[in-house]
Asker: 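The structure is given below, and queries will be raised subsequently.
Just so it is clear, the values below take in all heavy atoms, side chains as well, and ignore hydrogens, waters and symmetry mates.
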Amino acid sequence: MGGGDLKNQGEMKDFASNLMEFANNDAKVDVVLSDMYVGGKMLARVQAERRLMAIQQLQEASNKNQTEEEEENAVEEEQAREGEAAPNRRKLLSSGTVNRKSIMTLQTKSDGNYVLSEKKVLSSKNADDVEMLKNAAHYSGYAQFIYFGIKTAALEDFNLAEGVETFARDLKNLVTASADEYRLTSLGCEQAHLCYANFSNGIAETPYAVVADDAENSVVITVRGTNSLEDWVIDLQYVPLPLDEVGKLLGFDGMGHHCHKGVLTRAKWMYNDLKKHQVLKQLYANDSPYKNYNLVVVGHSLGGGCAQVLSLLLRPGFPSLRCYAYEPPGCIFDDRLASECSEFITSIIRHDDVVPRITQPNLETLRDEFFDVIARIKVPKIKAFHDVRAPCAEEHLKERNAKMLVPKHQIERETAFYEQVRKFRTERAEKNQTGEVSVKLYIPGRIIHLVDIRGDETTYIAYHASRYEFNQVVLSKTLLSDHAIPPLVNILRSLNLDDTHEVNVFHSNGDAVENDEEEEVRMFICCSSPHGKFPYLLTLFCLVACIFSITSNGVCNYVDRTTTVRESDGTTSPGLGLSVGLYGYTLKQCKDPYGTCDESNPEDLVDSKYCQTYPTTIHPDSYWTAARTVSILSVMLGFAGLALVSISTCTKLKRKTWTIACAIFLLTTLFQGLQFLFLKGDLCNEWTHPDNEYVAFGECSLSTGGYLGIASTIFWFVSAVGCSRMARQFDGDVLWCLEQYRIQLESVVGYTN
């Protein structure tokens, strides 16, 4: 996990200040965890509704143009029949199959609404597109391997000592080195040789490796992404830093340009480390077999940002350098510099990936929209909580949102909460105008956006995107999973530019569902009542059943036992009265020890105050042992069922879980009832003394423990019926769970009627 290099030597200042800048500690807004959950989910639905409205407008425009085109075609045909020249017109918006040269996309404006934008789709007929995609797919493997694979190969294949952070070959002897030496065969890269690697990870240091790729005749520098606490600190050091001095020193025009501070720190460290060990100098020496190889820099996530900046630093010495950044941070260079880098930097972004959209302005916008949504909620929070947890199909978005939210222009502005928000925004606006964050940073280079057009992560198209398309954080269910590097590698390697897909428009609607039966997000929040109030009653029944069951099992007066003793000479006499339980017994004593007391009359006797365990001379028979066993099982299963039912008051359970709870309570009911096998044992029937001194004839009647056992059996069964009711979603068939239990029992024991 890292963290060992966090010594707070200045680097933590930017981390803490940027973190606090977003939270703004001066003005406090009364927002708790439940507000964040409800507001975030509701904001995702508001974003989805805005996208849907924009798409519908686009489709209406497309249909209108299609109608106009059909009318024009009819006129053209009529003119052709009459011998007139037909006008050559192009329709404004194309729709249907995506085998054309462009696609209509939705671009977010500063107010959160959308505008239509036509973008160029990568085509197999364009040689540059084909070459770019081939290279992006090929080099993506190196961006993946740097996370773990290359270090593992250095340790296991190339005998790098444990604890040593630097792997360095003798690059001076490249001419005489074996062609198979230091190949990354274990990673499936037969064409690659490991030349140098530094696995140090600190505030300035970042793991990276230099690989010679014989297949593409290139030297590849691959940089690892975020994988430690130090990396997270660097991620949040997004303060724009001027590049004037760096540009003068390294030979590029940095005047007026800015860069992500943390990424620049690491890029400079890599530049100096390469120079210190003369890695590139020796690889491109006149006698090196790699002197004519191209230089390529790659990386994923934070590593992609570091690769972009390192490329800028190295390019004066390597004009043919190329950089491929996979899902890089969204705040690397200022706008003008980001555009100028298009010649040698290519950024690849997958669908709704959140990392390329995380910038200070985007987070500010997201926060302001969140506050607006919280202020717009017109129903009690608990009702809003239940509503956002339920799936919402696209056709119901507008209706569901209208039930929960007031229109934005009708927000009540005289509340204490909105006054806090107003003060918060005023302070943030003042700080943004005077602070360094006022310089906006963007994703540099050409941007290739991979779009999941079906929403099932199986079919992607690629188009040339604008850096301004990523000026909003899309609250999608795939915003984190889209950032993973292994799926991206597979997508790039399997992407076919000749594929034809039926789609009218691209829109990032990760939270939209096709039907209301899609599984909803389940979140554990104490006493949130996702199933209503019924589970509370059910929990109470289960708790009472548990208490009764435990008490019944543990008391010494499960039954009252009266006996008649027959001595060895055949004479009989009343035996000693006592109360017995599963694990102990209590002797009887006279109600009035100083008055008249007939020990053979139960009316004159009461239980003594002392409960004793059975002596070792008493050996439980099979019925007694069975009763003890099922008593333990009933308590264990009862507690398991109680736990499930209790959880249902905090998070929504599936029907299958309710069915399992129902089966558990039915088994508990069965085991609780089987405890009465105790009445079939010797203690309640004929019992012979171990030394054959006498025979006792016992008669047992239920006492406190027995009655509690009956009560707990009833409560367990009621709990099972309650779970059956929940499993059937209140549709009235309370015996459904019993039928399911019977079917399961038949399948296990092979029983049939």
Side-chain angles (χ1 to χ4, degrees), residues 55 58-59 61-62 65-66 69 88-107 114-141 143 215-216 218 294 296 298 304 320 322-328 338-353 356 443-470 482 487-508:
I55 292 162
L58 172 60
Q59 290 173 337
S62 178
N65 289 324
Q66 186 174 0
E69 184 183 11
N88 183 15
R89 299 171 180 262
R90 296 179 59 189
K91 61 183 178 180
L92 177 63
L93 295 173
S94 58
S95 63
T97 58
V98 182
N99 58 357
R100 54 188 183 273
K101 296 181 180 180
S102 63
I103 183 173
M104 301 303 299
T105 67
L106 300 178
Q107 186 168 315
Y114 295 91
V115 294
L116 299 178
S117 180
E118 187 173 7
K119 300 298 178 182
K120 181 182 177 183
V121 176
L122 270 65
S123 171
S124 60
K125 297 179 181 179
N126 187 312
D128 290 339
D129 289 346
V130 174
E131 182 68 15
M132 187 281 303
L133 181 61
K134 187 191 78 158
N135 290 335
H138 179 79
Y139 294 117
S140 63
E216 294 296 326
S218 59
N294 296 316
V296 178
V298 302
S320 62
R322 291 291 179 269
C323 173
Y324 295 93
Y326 304 92
E327 299 167 329
S339 179
E340 292 172 357
C341 293
S342 299
E343 183 181 345
F344 62 96
I345 293 179
T346 301
S347 300
I348 296 94
I349 299 172
R350 178 186 171 200
H351 203 55
D352 288 338
D353 183 9
I443 305 170
R446 291 187 301 174
I447 301 176
I448 304 302
H449 194 192
L450 301 171
V451 180
D452 180 6
I453 61 174
R454 294 182 179 174
D456 57 2
E457 302 182 5
T458 61
T459 307
Y460 288 82
I461 61 172
Y463 72 93
H464 294 275
S466 164
R467 60 184 52 87
Y468 309 116
E469 291 181 41
F470 304 94
D482 282 344
L488 179 62
V489 173
N490 295 332
I491 292 168
L492 288 171
R493 292 178 176 177
S494 61
L495 191 63
N496 186 351
L497 299 183
D498 289 325
D499 285 345
T500 298
H501 308 295
E502 290 290 337
V503 62
N504 289 327
V505 65
F506 157 60
H507 58 101
S508 301

Asker: To check you understand the geometry: which heavy-atom pair defines the closest contact between S466 and K119, and what is its length?
Answerer: CB-NZ, 3.3 Å

Asker: Between atom OG1 of T346 and atom CE of M132, what is the distance when rounded to the nearest 0.5 Å?
Answerer: 6.0 Å

Asker: If you round to the nearest 0.5 Å, how far is CG of L133 from CZ of R493?
Answerer: 12.0 Å

Asker: Taking salt bridge (Lys or Arg N to Asp or Glu O under 4.0 Å) as the definition, give me every residue that meets it alongside D482, ordered by chain and number, with sequence neighbours left out.
Answerer: R350

Asker: Find out whether I447 and E469 are in side-chain contact, i.e. whether some heavy atom of one side chain is under 4.5 Å from a heavy atom of the other.
Answerer: no

Asker: Please name all residues satisfying side chain to side chain donor-acceptor pair (under 3.5 Å) with D129, sequence neighbours left out, ordered by chain then number.
Answerer: H464

Asker: Please test V451 against H351 for side-chain contact (heavy atoms from CB on, under 4.5 Å), starting from the C-alpha separation and ending with a verdict.
Answerer: CA-CA 5 Å; V451 180; H351 203 55; 4.2 Å; yes

Asker: Can you name the nearest heavy-atom pair linking N135 to E216, along with the distance?
Answerer: OD1-OE1, 4.0 Å

Asker: Just verifying a value: how many Å separate T459 OG1 and L495 CG, rounded to the nearest 0.5 Å?
Answerer: 10.5 Å

Asker: Do you know which two heavy atoms are closest between N294 and S320, and how far apart they sit?
Answerer: OD1-OG, 4.0 Å

Asker: How long is the span from the CG atom in L122 to the OH atom in Y463, to the nearest 0.5 Å?
Answerer: 11.5 Å

Asker: Could you pull out all residues at least two apart from S140 that satisfy side chain to side chain donor-acceptor pair (under 3.5 Å)?
Answerer: none

Asker: Looking at CG of D452 and OG1 of T458, how far apart are the two atoms once the value is rounded to the nearest 0.5 Å?
Answerer: 6.5 Å

Asker: Is a donor on one side and an acceptor on the other found under 3.5 Å between the side chain of Y326 and the backbone of A136?
Answerer: yes

Asker: F470 vs H449 aromatic rings, parallel, tilted or perpendicular, using cut-offs 30° and 60°?
Answerer: perpendicular

Asker: At their closest point, which heavy atom of R467 faces which heavy atom of I443, and how far apart are they?
Answerer: NE-O, 3.0 Å

Asker: Would you compute the distance between atom OH of Y139 and atom CG of L492 and round it to the nearest 0.5 angstrom?
Answerer: 14.0 Å

Asker: Please name the pair of heavy atoms, one in I345 and one in P444, separated by the smallest distance, quoted to 0.1 Å.
Answerer: CG2-O, 3.8 Å

Asker: Identify the two heavy atoms, one from L450 and one from A462, that lie closest to each other, and give their separation to 0.1 Å.
Answerer: CD2-CB, 3.6 Å

